[in-house]
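These notes concern the structure reproduced below.
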Amino acid sequence: MGSALNIASNLRRRSANPFLHGFATWCTPTIAAPSLRRKLAEMVRAISTGSSETVSMVSSKPSICTADELHYVSVPNSDWRLALWRYHPNPQAPSRNHPLLLLSGVGTNAIGYDLSPESSFARYMSGQGFDTWILEVRGAGLSMQRTDSEDIEQSAYAKSKQIEAAAEAVTEDVQSMEQLPNINHVSVAESEVPNAKGDHIDIATMWDESQLVTKLTDTFMRLSERLSGFLSEGQSRIMSAQFFDQMSRLLADSQLIEHFNEIREKLLSLLEARQNSSIAGQIRDLSERLVNIIEEGQRSVSPQLFDLQERFSATIEDFQKQLDLIIKYDWDFDHYLEEDVPVVMEYIRAQSKPKDDKLFAVGHSMGGILLYAMLSRCGFEGRDPPLAAGVTLASSLDYTSSKSSLKLLLPLADPAQALNVPVVPLGALLAAAYPLSSRPPYVLSWLNNMISAEDMMHPELFKKLVLNNFCTIPAKLILQLTTAFREGGLCNRSCTFFYKDHLHKSHVPILALAGDQDLICPPEAVYETVKLIPEHLITYKVFGEPGGPHYAHYDLVGGRLAVEQVYPCIVQFLSSHD
């Protein structure tokens with residue numbers, strides 16, 4: 001703020017321009033109101049980060065954030081504020097020329113990089129002299145959607161309590177199960193995914209046609225707004241067709257079906273048209289006709305149409321819940337690549353001020369995929385990447401040649417199936433599975449091996465990782481990531497750009513690490529991308545020995561031997577390019 005006022009004061013002294021004189025007078029401390037001075041401070045911060053939005057560091061961070069500082073960066077043209085955990089470099093360590101950005105995997109937050117003082121990649125790297133930052137992309141960890149600047153700190157505390165409360169609830173369930181070992185009972189974490197065939201929702205017994213018409217019209221209008229955003233061209237009818245299929249199953253009478261199908265076709269054409277007041281009126285009229293059809297069916301004596309009104313209302317309620325989730329979790333891989341990562345890199349550069357304006361970056365799993373995709377984009381566009389060097393941990397752009405367990409996600413590559421499951425509550429699912437994977441009879445113990453190899457992670461740290469590190473994943477994100485299992489590898493949302501095609505144009509040194517028993521990203525998958533990078537720029541290493549110890553997906557980051565074997569390897573590589 002003081003620097004800004006000095007600039008304004010200099011402008012007043014040096015310029016005869018009356019506009020500049022007035023501006024400087026307005027900024028003078030003896031005249032400017034506190035609110036105006038705050039506005040100017042926000043403008044200066046925005047200019048310094050190359051963004052039209054303000055950024056801030058919370059003065060009091062929540063307990064779940066174990067970094068030295070917690071920063072928030074606003075994403076332009078978005079309502080997201082991304083959380084950045086910062087670890088100050090050890091003043092006793094060698095001085096480093098580049099700050100370090102850590103990128104996490106899909107559906108994970110910053111905790112995986114800082115499980116404990118003894119098992120923390122972030123603290124280790126700051127101890128080696130690196131100004132270390134962990135990004136939590138939109139939807140992960142403490143990142144949040146737009147809030148007033150004064151409420152950021154309060155919102156961060158609220159998000160922290162949610163994460164901690166979920167972990168505590170599962171811990172209490174496990175303890176209860178241990179006290180009652182003969183009772184076969186599992187407490188399942190609450191899922192955000194609606195069940196179209198689930199329990200009936202409480203519905204008013206009164207049949208209010210006007211309310212139902214309004215609700216149905218609102219559903220159609222919101223559906224129309226989402227068509228072009230969720231699915232690619234040529235698939236836009238799937239979402240609306242799914243809703244109409246649910247409704248048509250309620251109508252057993254052939255005469256009603258005939259009337260319904262007539263309205264259905266008209267609505268489908270309207271839902272795909274551009275929104276205007278005329279179309280909105282037509283949608284309302286057709287909604288009213290649908291309600292009248294249901295009313296006609298209710299008067300039928302057919303037992304198949306018994307309670308048709310309630311089932312019709314329940315169908316609308318279920319679909320609205322599904323729409324709400326799609327609207328809330330409306331982002332994909334390209335949003336991370338094109339919006340989240342660039343604005344955060346710009347912010348870190350403004351804070352750390354590297355001489356060559358470049359960063360180091362380490363990406364685990366999807367974090368490494370983001371680094372590869374960035375290099376490919378820069379190569380295609382002929383731009384100089386903002387990276388001095390990069391490290392990828394268990395990452396690949398192409399999984400077609402491997403037996404990756406992520407192939408379990410392939411059914412969600414079908415857009416219709418993705419709409420049935422608009423989000424995957426990974427955190428809730430793993431929390432629900434934890435009791436069955438961590439105690440006899442170990443029904444889901446195979447899940448443990450996907451995360452960490454045997455004896456490679458302390459049980460308490462493994463528990464913390466499972467219960468605190470995972471988030472909810474949008475189906476839209478999964479739809480794009482599943483392209484990594486098809487010919488050509490991962491591509492952009494419109495399927496017009498394949499990220500592996502231009503990786504060979506990169507001039508950035510890369511260290512690519514793999515784990516010998518990684519079931520999610522096996523060494524052969526890692527190598528599928530490694531071989532595309534010019535030989536003089538790539539260093540490839542697989543951790544794990546035939547007789548043990550072995551490395552699974554998270555052992556490269558938080559395994560008990562990582563601090564002795566993996567971390568020094570990364571420091572040596574980055575130091576050689578610093």
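Numbering of residues begins at 1 and proceeds along the displayed sequence.
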Hey, what's the ring geometry for His98 with Phe360, parallel, tilted or perpendicular (30° and 60° as the breaks)?
-> tilted
For residues 534-544, please give each side-chain donor-acceptor pair under 3.5 Å, one per line with the distance, not counting sequence neighbours.
| unit_1 | atom_1 | unit_2 | atom_2 | d |
| --- | --- | --- | --- | --- |
| Tyr540 | OH | Pro523 | O | 3.3 |

Residues that His502 engages under side-chain contact (heavy atoms from CB on, under 4.5 Å), provided they are two or more places apart | Ser376, Phe380, Phe497, Lys505
Would the number of heavy atoms belonging to other residues, nucleotides or ligands and lying under 6.0 Å from NE2 of His507 be above 12?
-> no
Ala552: partners by side-chain contact (heavy atoms from CB on, under 4.5 Å), with sequence neighbours left out | Ala453, Asp555
side-chain hydrogen bond (donor to acceptor under 3.5 Å, both in side chains) partners of residues 557-573, not counting sequence neighbours, each pair once | Tyr551-Gln565
Sub-3.5 Å donor-acceptor pair from the side chain of Glu153 to the main-chain atoms of Ser60, do we have one?
-> yes
Where do Glu136 and Ser143 land on the side-chain hydrogen bond (donor to acceptor under 3.5 Å, both in side chains) test, with the steps shown first?
-> CA-CA 6 Å; Glu136 292 187 315; Ser143 288; 5.0 Å; no
Taking only residues two or more places apart in sequence or in another chain, which ones pass side-chain contact (heavy atoms from CB on, under 4.5 Å) with Glu460?
-> His458, Lys463
Thr132 side chain to Ser126 side chain, donor-acceptor N/O pair below 3.5 angstrom | no
What about the rings of Trp133 and His71, do their centers lie closer together than 6.0 Å?
-> yes
Test salt bridge (Lys or Arg N to Asp or Glu O under 4.0 Å) applied to Lys500 - qualifying residues, sequence neighbours left out = Asp398
Would you kindly check if the NZ (Lys) or CZ (Arg) of Arg96 is within the cone defined by 45 degrees around the ring axis of Phe130 and under 6.0 Å from the six-membered ring centre?
-> yes
